[in-house]
2 protein chains.
Amino acid sequence: MPVQKAPEVVIYRLPLYLRALALLEKEQVSTISSLGLAQRLQLTSAQVRKDLSYFGRFGKQGKGYDVKKLLNELRNILNLNRVWNMALVGVGTLGRAIVNYEGFLPNGFKIVSAFDINPDQVGKRVGNLQVEHMSNLQNSIKEKDIQIGIIAVPPARAQEVIDLLTANGIRTILNYAPASVRIRPGTVVRSIDPVLSLQSMTYYLKT
Amino acid sequence: MPVQKAPEVVIYRLPLYLRALALLEKEQVSTISSLGLAQRLQLTSAQVRKDLSYFGRFGKQGKGYDVKKLLNELRNILNLNRVWNMALVGVGTLGRAIVNYEGFLPNGFKIVSAFDINPDQVGKRVGNLQVEHMSNLQNSIKEKDIQIGIIAVPPARAQEVIDLLTANGIRTILNYAPASVRIRPGTVVRSIDPVLSLQSMTYYLKT
DNA sequence: TTATGTGAAAGGATTCACAGCC
DNA sequence: GGCTGTGAATCCTTTCACATAA
């Protein structure tokens with residue numbers, strides 16, 4: 001089916017398609033054209049079709065795409081037909097906010113462990129988790145079948161936490177620390193830094 | 001100086017250079033080569049040089065770049081030599097976490113107003129702000145000289161808030177709502193959605 | 001000698017445009 | 001008639017490689 005290997009940018013867009021389709025399903029829309037999807041996402045119809053074509057032929061000529069079917073295909077492609085367990089490292093202000101974020105669980109992402117180096121934090125409750133010491137990391141990752149790490153430590157600590165997580169088999173990391181980190185091949189990191197986003201926008205604000 | 005118009009991707013990378021240079025300055029490093037910068041950011045030296053060359057000739061052959069000087073140049077390019085005032089819309093769990101985020105102020109981004117439609121929220125304190133009703137938006141944007149909007153409302157509300165902000169002259173928006181929004185030309189939006197980031201990573205997790 | 005700045009080449013991504021199918 | 005899937009063309013981005021300068 002995958003005629004060619006899908007480019008990375010396409011992988012970034014798939015979740016956008018997924019989100020749009022989930023909304024369409026909720027709105028009881030059963031079929032959508034590439035143009036319809038494109039308009040909702042501010043893309044072109046050709047791009048939508050080409051993106052999807054890397055993974056198969058999901059549409060029907062003259063009709064478009066079946067919403068439920070395409071949703072299902074995308075969930076399979078992105079490996080979202082399961083729950084992914086995540087470990088949070090760093091339970092400061094930011095870490096606590098992350099634990100309380102309501103968007104993870106409905107989408108199949110579950111924080112099952114929270115870690116900190118600060119002994120004062122260890123044992124305390126965060127959400128409905130009890131903070132564990134970093135020395136527990138290896139154990140918990142195995143016992144709780146954790147596949148994803150979330151980093152919410154001060155920037156100077158980010159690299160060592162990355163190294164520790166990857167040393168324990170974690171290949172997928174969501175980094176909230178405002179720091180550039182080095183990773184080895186096979187590991188995927190996505191960074192969330194609102195300040196970088198803002199700074200790349202003020203460029204256009206020639207007041 | 002700008003020999004050619006800088007591509008968009010380059011604008012996205014400038015804040016990364018800025019962050020790396022700020023760290024180097026703190027470490028008392030006075031000069032850095034394109035290779036040095038590249039290694040810190042997992043880029044190539046050619047890319048660093050080409051990126052910077054869109055804005056001027058900041059380096060010295062045989063030496064590299066003066067850290068302080070380049071920092072200053074980048075701050076000018078990105079319009080970061082001032083404080084930008086921001087309005088937060090939506091003071092739910094997420095909105096409150098955003099107000100408490102310590103990363104904004106040290107970087108020159110200041111939340112000066114918080115809005116909500118819920119009358120129960122209006123008047124309450126969030127951080128050291130008092131929640132204003134949406135009907136105050138127009139006034140506050142003018143009086144407090146607000147240039148940036150932050151959206152932290154439920155996804156179904158995101159579009160109307162975008163429209164309201166842009167109708168009141170806001171051209172720069174940081175969107176935390178997990179929704180795709182339509183904007184008119186001249187407006188810049190950056191979206192922060194950890195779930196999208198996670199979903200684009202699980203693609204690689206063929207377990 | 002060392003490292004920048006930059007045209008030219010290579011590599012990727014997007015758009016075009018149309019044959020093919022429902 | 002309407003809309004997909006896809007090679008080909010275009011556009012954009014990155015890398016190469018070297019003349020140039022400190």
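Just so we're on the same page: letters track the sequence lines, and every chain starts at 1. Fair warning: this is a prediction, and the values are worked out from it, not measured in the lab.
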Short side-chain N/O contact from B/Tyr12 to OP1 or OP2 of D/dT13, under 4.0 Å: no
OP1 or OP2 of D/dC3 sitting under 4.0 Å from any side-chain N/O of A/Ser34? no
Please report the distance, rounded to the nearest Å, between NZ in B/Lys63 and C1' in C/dA3. 12 Å
Atom pair distance, as rounded to whole Å: CD in A/Gln61 and P in C/dC22: 6 Å
Could you state the atom-to-atom distance from CG of B/Leu43 to C1' of D/dT15 in whole Å? 13 Å
Roughly, in whole Å, what's the span from CZ in A/Arg49 to P in C/dA19? 15 Å
I'd like to know if A/Asp193 pairs up with B/Arg19 as an ion pair, taking the criterion as any Lys NZ or Arg NE/NH1/NH2 lying under 4.0 Å from an Asp or Glu carboxylate oxygen. yes
I want to confirm an ordering. Mapping A/Gln47 and A/Lys60 to their closest nucleotides on DNA chain C, which one lands closer to the 5' end? A/Gln47
It should be established whether A/Arg57 places a side-chain nitrogen or oxygen under 4.0 Å from OP1 or OP2 of nucleotide D/dC3. no
Report the distance from atom CG of A/Leu52 to atom P of C/dT14, rounded to the nearest whole Å. 13 Å
Of C/dT14, C/dT4, D/dT15, the nucleotide closest to the side chain of B/Ser33 is C/dT4
Surrounding CD of A/Gln138 (heavy atoms of other residues, nucleotides or ligands, distance under 6.0 Å), is the total greater than 12? no
Round to the nearest Å and state the distance from B/Phe55 atom CZ to C/dT6 atom C1'. 16 Å
Please report the distance, rounded to the nearest Å, between CG in A/Asp66 and P in D/dT4. 13 Å
Could you check A/Thr166, A/Val188, A/Ile183 and say which one makes a side chain to side chain contact (heavy atoms under 4.5 Å, CB included) with A/Ile173? A/Thr166
What closest approach, in Å, do A/Ile11 and A/Pro15 show between heavy atoms, and which atom pair accounts for it? O-CD, 3.1 Å
Of A/Lys50 and A/Gly62, whose closest DNA chain C nucleotide lies nearer the 5' terminus? A/Lys50
Consider the side chain of A/Tyr65, meaning its heavy atoms from C-beta on, and name the nucleotide among D/dT4, C/dT15, D/dT14 that approaches it most closely. D/dT4
Going through the distances and angles, do A/Leu205 and A/Met201 end up as a side-chain contact (heavy atoms from CB on, under 4.5 Å)? CA-CA 7 Å; A/Leu205 280 180; A/Met201 286 196 288; over 6 Å; no
Is A/Thr44 near enough to C/dT15 that one of its side-chain N or O atoms lies under 4.0 angstrom from OP1 or OP2? yes
Taking CG from B/Asp51 and P from D/dT14, how many angstroms apart are they, rounded to a whole number? 7 Å
Phosphate-side-chain proximity, A/Tyr54 and C/dA13, N/O vs OP1/OP2 below 4.0 Å: no
